[in-house]
Amino acid sequence: MRPLLLTGAAGVLGRALSPLLNGGCRPLDRLLGEDLAHRKTTRSAVRGCRGVIHLAACARVGRCEADPEAAFRDNVTATANVLDAAAAEGAWVLLVSSREVYGQPDLLPAGPGTALRPQNVYGRTKAGAEALAEGRNVAVVRLANVYGAAGDHPDRLVPGWLAAARTGAPLQVRGADHTLDLVHVDDVLDGLLRVVARLDAGHTLSTLLLCSGEETRLGDLARALKGSSPLLHVPAAPHEVRRFVGDPAPAFATLGWRPRISLSRGLAALQFAPPHEASK
């Protein structure tokens, strides 16, 4: 079996997904010295691959706000190169996108058919990447707020709060009434592998959203994680979505996938994990 190209292989999801892929994978990541913004690099990497799982992105909302040009380069230009190279090779592409493409939906829960009205740079670049996929052999999978991965970035919400709670430092809460849809990394990996299996089998898939279907208030989450730490309430940034929860039913109808790890179970596993495993 020909291998898969896995972009973003050195990232949190990439590291977890890589050993699970049948036929092995060819890793590609800027941290490994390769740049998807260079067409020659991408064409060479895709050659001989049956498919591409495109995880690579500038995925920090705040970082994208600070440097929109770099965000466009990493999330749109690089995606265009991946799609072009895959088309030339006759390879399918799994394009991993984000719930940030929705912005603030008028109606919740959001689903694959919900209108895209991104309200931050990251969401706009991911929506731009999705638009490039139209008419190609590409499956778009949007992810809600993924948590639970070992070695997750300490500037992300859950690992950052856990790290603060372990030292008694304040947990900074930006908008206690804001809500998220938190989906465990193991459930996400299961969903992505189901998509890969269907693409390998020659199926065409419509856009999907992997989410828990449960809306969690940031204030409630902070109180669950804080231990003896105080809560420091600060205003939310204008680019942060106020409320979000997704509908997992379409993913079940298409993939037979449903989230299986409850938030309480997922958080408990992180809270009792050694600090170096919960967050590096």
Side-chain angles (χ1 to χ4, degrees), residues 1-36 41-57 59 74-75 78-79 81-98 126 129-130 133 136-144 146-153 183-211 248 251-252 254-261 266 277 280:
M1 180 182 291
R2 292 188 298 163
L4 296 171
L5 177 65
L6 179 63
T7 76
V12 173
L13 267 181
R15 293 196 308 268
L17 184 60
S18 176
L20 306 177
L21 297 171
N22 291 330
C25 73
R26 183 178 297 168
L28 182 67
D29 197 290
R30 181 174 295 169
L31 295 178
L32 303 176
E34 299 146 319
D35 191 345
L36 288 168
T41 297
T42 310
R43 286 198 300 268
S44 176
V46 175
R47 193 169 297 122
C49 292
R50 72 183 193 275
V52 181
I53 303 173
H54 186 38
L55 294 172
D74 290 346
N75 296 350
T79 298
N81 291 343
V82 167
L83 297 178
D84 288 345
E89 187 67 22
W92 53 256
V93 176
L94 166 50
L95 175 60
V96 179
S97 188
S98 166
K126 295 302 282 186
E130 287 190 20
R136 298 177 184 253
N137 186 16
V138 178
V140 175
V141 177
R142 299 169 184 151
L143 305 183
V146 183
Y147 79 102
D152 203 348
H153 299 280
V183 59
H184 196 273
V185 63
D186 288 350
D187 284 329
V188 169
L189 294 172
D190 175 43
L192 294 178
L193 290 173
R194 289 170 186 255
V195 173
V196 168
R198 281 157 178 76
L199 291 172
D200 272 342
H203 295 293
T204 299
L205 296 176
S206 57
T207 297
L208 294 171
L209 171 64
L210 299 183
C211 59
F252 177 75
T254 301
L255 304 174
W257 176 91
R258 60 163 54 98
R260 299 187 181 277
I261 300 176
E277 291 184 11
K280 291 183 179 179

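One is the number of the first residue; the rest follow in order along the sequence.
- Residues V82 and T42 are in side-chain contact: their nearest non-hydrogen atoms beyond the backbone lie under 4.5 Å apart.
- Proximity of L143 to L13: side-chain heavy atoms (C-beta onward) are separated by under 4.5 Å at one or more points.
- Put simply, the side chain of D29 gets close to the backbone of A9: a donor and an acceptor are under 3.5 Å apart.
- The closest side-chain heavy-atom distance from V141 to L210 is below 4.5 Å.
- For the atom pair CZ (R2) and CG (D200), the distance works out to 9.5 Å, reported to the nearest 0.5 Å.
- Shortest non-hydrogen contact noted between A86 and V52 is CB-CG2, 4.3 Å.
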Query raised in the report: Should L94 and H54 be marked as a side-chain contact (heavy atoms from CB on, under 4.5 Å) after you check the CA-CA gap, both sets of side-chain angles, and the distance that decides it?
Result: CA-CA 6 Å; L94 166 50; H54 186 38; over 6 Å; no

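- A salt bridge is absent between D187 and R258; no separation between the charged side-chain nitrogens and carboxylate oxygens falls under 4.0 Å.
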Requested in this report: Evaluate the salt bridge (charged side-chain N to carboxylate O under 4.0 Å, His left out) criterion for residues D84 and R136: first the C-alpha distance (whole Å), next the side-chain angles of each, then the deciding distance (0.1 Å), finally the verdict.
Outcome: CA-CA 10 Å; D84 288 345; R136 298 177 184 253; 2.9 Å; yes

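- Annotation for L255 and R198: closest pair O-NH2, 3.3 Å, computed over non-hydrogen atoms.
- Remark: side-chain polar atoms of K126 are paired, donor with acceptor, to backbone N or O of V96 under 3.5 angstrom.
- Between L6 and R26, the closest side-chain pair of non-hydrogen atoms is not below 4.5 Å.
- Rounding to the nearest 0.5 Å places CG of N22 at 8.5 Å from CG of L4.
- In this structure, CG on L199 lies 5.0 Å from CH2 on W92, to the nearest 0.5 angstrom.
- Contact record, L36 with L28: CD2-CD2, 3.0 Å, taken as the closest heavy-atom pair.
- Under the 4.5 Å side-chain criterion, counting only non-hydrogen atoms from C-beta, V138 is in contact with L83.
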Query raised in the report: Are I53 and L5 close enough, and set up right, to give a side-chain contact (heavy atoms from CB on, under 4.5 Å), and what steps lead you there?
Result: CA-CA 6 Å; I53 303 173; L5 177 65; over 6 Å; no

**Report entry** Pair D74-R30, salt bridge (charged side-chain N to carboxylate O under 4.0 Å, His left out): steps then yes or no
**Finding:** CA-CA 10 Å; D74 290 346; R30 181 174 295 169; 2.5 Å; yes

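- Although no hydrogens or angles enter the test, the distance criterion places no donor-acceptor pair under 3.5 Å between the side chain of S18 and the main chain of G14.
- Note: L193 CG to L17 CG = 5.5 Å, rounded to the nearest 0.5 Å.
- A16 approaches L189 most closely through the heavy-atom pair CB-CD1, 3.8 Å.
- For the residue pair A56 and T7, the shortest heavy atom distance occurs at N-OG1, 3.1 Å.
- Atom OG of residue S97 and atom CG of residue L208 lie 12.0 Å apart, to the nearest 0.5 angstrom.
- Closest approach of P248 to W257, counting heavy atoms only: CB-CZ3, 4.2 Å.
- Rounding to the nearest 0.5 Å gives a distance of 9.0 Å between CZ of R43 and OG1 of T41.
- With respect to R50 and E89, no salt bridge is recorded, no charged nitrogen being found less than 4.0 Å from a carboxylate O.
- Using a 4.5 Å cut-off on side-chain heavy atoms (C-beta onward), S98 and R142 make no contact.
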